[in-house]
Amino acid sequence: MHNDFMAIRHGVLGHDSDTAILRAQPVRMIDGHVDGGYTGQYEVICPACGDDPNLSYHQVPRDLQRLRGPSESLASGLAAFELHIGLVDAAPATGALT
């Protein structure tokens with residue numbers, strides 16, 4: 001069951017590259033198939049969090065919409081995906097580059 005208070009956790013067992021996927025965001029899904037092409041954005045889909053890849057962004061609860069993104073570019077989508085599956089630390093970098 002999903003609600004607005006569900007926490008999407010990063011880097012936890014079951015949220016790995018064998019379960020989670022990064023995909024081009026479809027305009028809409030009909031009966032599990034892409035309809036209308038793609039938006040040009042990317043989204044993280046994680047069945048371990050309860051997401052269903054057969055549903056479009058607007059068909060999933062708000063907590064899963066936050067997980068999905070969408071990301072404006074492939075690079076930012078990959079960064080969100082890697083954060084979710086625990087390949088990178090979620091802590092923000094401290095210190096500035098000079």
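Because only heavy atoms are used, hydrogens play no part in the values below, and waters and symmetry mates are left out as well, while side chains stay in. What you are looking at is a predicted structure, and each value in this text was computed from that prediction instead of being measured.
- The backbone N or O of S56 lies less than 3.5 Å from a partner atom in the side chain of Q59, making a donor-acceptor pair.
- Residue L74 is grouped with residue I85 when hydrophobic side chains (ILVMFWY) are merged at heavy-atom distances under 4.5 angstrom, including chains of intermediate members.
- Within the 4.5 Å cutoff, side-chain heavy atoms of P53 are placed close to those of R23.
- Rounding to the nearest 0.5 Å gives a distance of 8.5 Å between OH of Y57 and CD of E43.
- Between V27 and D35 the shortest side-chain heavy-atom distance does not fall below 4.5 Å.
- Residue H33 holds its NE2 atom at 14.5 Å from CZ of R28, rounded to the nearest 0.5 Å.
- With values rounded to the nearest 0.5 angstrom, N54 atom CG is found 9.5 Å from D31 atom CG.
- Remark: C49 SG to R66 CZ distance equals 12.0 Å, nearest 0.5 Å.
- Contact check for L67 versus D63: no side-chain heavy atoms found under the 4.5 Å cut-off.
- Shortest non-hydrogen contact noted between L64 and G50 is CD1-O, 3.7 Å.
- Looking only at side-chain heavy atoms (C-beta outward), Q65 and V60 come within less than 4.5 Å of each other.
- If you take CZ on F81 and SG on C46, they are separated by 9.0 Å, rounding to the nearest 0.5 Å.
- In this structure, the separation between CD1 on I21 and CG on D51 is 8.5 Å, given to the nearest 0.5 Å.
- Under a hydrophobic-cluster definition in which Ile, Leu, Val, Met, Phe, Trp and Tyr are linked whenever side-chain heavy atoms come within less than 4.5 Å, directly or via other members, V44 and M29 are assigned to different clusters.
- The shortest distance between side-chain heavy atoms of T39 and Q25 falls below 4.5 Å.
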